[in-house]
Trainee: 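Let me begin by handing over the structure; questions about it come next.
All values derive from a computational prediction rather than experimental measurement. Here is the naming used below: chain letters follow the sequence lines, and residue numbers restart at 1 for every chain.
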Amino acid sequence: MPELPEVEVTRLSFAGRIAGASVLSVTMGKALRWPLGCEPSMLKGQKVLGVRRRGKYLLLDMSGGLLLIHLGMSGSISFGPDLPPAGKHDHFDMVTTSGTLRLHDPRRFGAVVFAPGEDDVSAQKLLGRLGVEPLSGDFDPAAFHASLKLKKTPIKQVLLGGEIVVGVGNIYASETLFLAGIRPTTRANKLSRLRSLALHGAIQKVLAQAVQKGGSTLKDFSNANGESGYFQLEAMVYDRAGQPCRVCGNAVKSLRQGQRSTFYCTVCQKP
DNA sequence: CACGGATCCTGATGGC
DNA sequence: TGCCATCAGGATCCGT
């Protein structure tokens, strides 16, 4: 479920409650994507100073370093004083004086990594190449256009790559391109200043809106309730192959780009 | 060095 | 407790 909005909403849901807590113990389940990078006992006694987000990473500032958490494809966080016993897919439990922080991740593409500091190589290996934060003041239209000029890859894959702008995942890539009227196959360097400006605005708008709505993920809603409600309101093209475009009525098309599904409207989105 | 593809892992789903 | 193929919201690494 986690693209930038879901990660941000996750962060907001526990950052205030965990801040100031001290770690009592840490338990690891099955291996995640990467090793923790230290003995779990090393976290013991450390204080959680705060929780930030960078791209799709949660960054826990600890008194003795930085704890990076990534939710991968299927990860989710829970935090509270009375969590049930760890289940089959709970792979990281950090018990603190304020409650237990738990990573649940059936597919184990997620990760928890401890680094002595943010500038340390182990942290920079994950954070070092990340692009600009789309909801920050650093996301500048002119700079965005200049970055796109250097990439001849299809724009959809450039968005997913995260080297220019972070946080846009597979769902929001299709959605933002629809809103901007840009065909996902269009080469990034072919986008005019005006069209990259439209994309810049679409990214800000879609992501901000999703955060505001509580990161209710499109997919979850479609799963939980079949056809009803939020999903229909929210998704313009994602997962709607063959269904009529909500703007023009033409059938939504799908294609594969880099092993990922892309959805678009041939009428509303120009090459 | 920029790009495309393979790859990690488990679960859900649909066709047969 | 049917089996098998396909697909799923991410991101790194490895060829070419």
Trainee: With respect to the phosphate group of dG11(B), does any side-chain polar atom (N or O) of Arg108(A) fall under 4.0 Å of OP1 or OP2?
Mentor: no
Trainee: Are His70(A) and dA11(C) close enough that a side-chain N or O sits under 4.0 Å from OP1 or OP2?
Mentor: yes
Trainee: Within less than 4.0 Å of OP1 or OP2 of dC8(B), is there a side-chain N or O belonging to Arg33(A)?
Mentor: no
Trainee: Can you tell me, in whole Å, how much space there is between the P of dT6(C) and that of dA6(B)?
Mentor: 14 Å
Trainee: May I ask you to say what Gly258(A) touches in the nucleic acid, namely base, sugar-phosphate or nothing, with a heavy-atom cut-off under 4.0 Å?
Mentor: nothing
Trainee: Does a nitrogen or oxygen in the side chain of Lys56(A) sit under 4.0 Å from OP1 or OP2 of dA11(C)?
Mentor: yes
Trainee: How about Asp105(A) and Leu71(A): do any of their side-chain heavy atoms sit closer than 4.5 Å?
Mentor: no
Trainee: Quick one: is Ser261(A) getting a side-chain N or O under 4.0 Å of the dA8(C) phosphate, OP1 or OP2?
Mentor: yes
Trainee: On DNA chain B, check which nucleotide each of Gln259(A) and Arg129(A) is closest to and give me the residue with the more 5' one.
Mentor: Arg129(A)
Trainee: What stems show up for DNA chain B when you take Watson-Crick pairs (N1-N3 plus N6-O4 or O6-N4) and G-U wobbles (N1-O2, O6-N3), both under 3.5 Å, and require three or more consecutive pairs?
Mentor: B:2-8 with C:10-16, B:10-16 with C:2-8
Trainee: Assign each of Pro106(A) and Leu150(A) to its nearest nucleotide of DNA chain B by heavy atoms, then name whichever residue's nucleotide is nearer the 5' end.
Mentor: Leu150(A)
Trainee: Has Arg260(A) got a side-chain N or O lying under 4.0 Å from the OP1 or OP2 atom of dG10(C)?
Mentor: yes
